[in-house]
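Below: the structure, in structure tokens.
Side chains included, hydrogens not; waters and symmetry mates left out as well; all remaining heavy atoms used. The chain is numbered in sequence order, starting from 1.
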Amino acid sequence: MAMSDEAPKQRDLDHLMEQNSTELDFLSAYGGTSLQGDGAPLLAALTRFLKAGNVAVTTDSSDAISFPFGTACVMEHGCKVTLKGDNLPLVPSDVHQAGFAHGSLSKTRNQCEVVLIEWGFEQRRFIERVSEHFSHGE
């Protein structure tokens, strides 16, 4: 009798997970690198992450956003992020780590461009550092 009770519970859990799988996409904003190289989900994760950090985000088009200290747009193999502001809290190695491509930081540290090709800890921390810099004043 115990086995007959367990089977429906498992089926119910599987059904619930299947039914809500599309609603669980927000979790990608907090971890994982399953978005590798796909620009649209990377932009969506970045948007959610910025909003979760109380950053005002404006949707410029279906594949581009802007925020007080930069812009981001979908590219064929990632999400291009451009950051602008005085004394960005970055060094060149920040944009040359795993999960980033085509990174550049101006010598005066007032502009940075990088293509996100993953959404993992390094990318979240990178965005978080810049966001904190602007929320606490330049």
Salt bridge (Lys or Arg N to Asp or Glu O under 4.0 Å) involving E122 - partner list, sequence neighbours excluded:
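Per chain and number, E122 pairs via salt bridge (Lys or Arg N to Asp or Glu O under 4.0 Å) with no residue.
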
For R109, give me all partners under salt bridge (Lys or Arg N to Asp or Glu O under 4.0 Å), at least two apart in sequence or on another chain.
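With sequence neighbours excluded, R109 shows a salt bridge (Lys or Arg N to Asp or Glu O under 4.0 Å) to no residue whatsoever.
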
side-chain contact (heavy atoms from CB on, under 4.5 Å) partners of [X], counting only residues at least two apart:
X	answer
T58	D60, S66
S93	V91
V55	L50, F67, P68, F69, S131

How many angstroms lie between [atom1] in [X] and [atom2] in [Y], if you round to the nearest 0.5 Å?
X	Y	atom1	atom2	result
D63	M75	CG	CE	11.0 Å
H133	N87	NE2	CG	6.0 Å
D38	E76	CG	CD	11.0 Å
F100	L116	CZ	CG	6.0 Å
F126	L46	CZ	CG	10.0 Å
N110	L83	CG	CG	11.5 Å

So Q123 and L42, do their side chains get closer than 4.5 Å, heavy atoms only?
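L42 vs Q123: side chains apart.
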
Side chain proximity check, H77 to V115, heavy atoms < 4.5 angstrom
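SC-SC contact between H77 and V115 ruled out.
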
Can you list everything that forms a side-chain hydrogen bond (donor to acceptor under 3.5 Å, both in side chains) with E128? Sequence neighbours excluded, please.
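R125.
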
Go through the steps to decide whether W119 and L43 satisfy the test side-chain contact (heavy atoms from CB on, under 4.5 Å), and finish with yes or no.
CA-CA 10 Å; W119 187 250; L43 180 66; over 6 Å; no

Taking atom NE2 of H102 as the centre, report whether more than 12 heavy atoms of other residues, nucleotides or ligands fall under 6.0 Å from it.
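At most 12 heavy atoms, drawn from other residues, nucleotides or ligands, come within 6.0 Å of this atom.
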
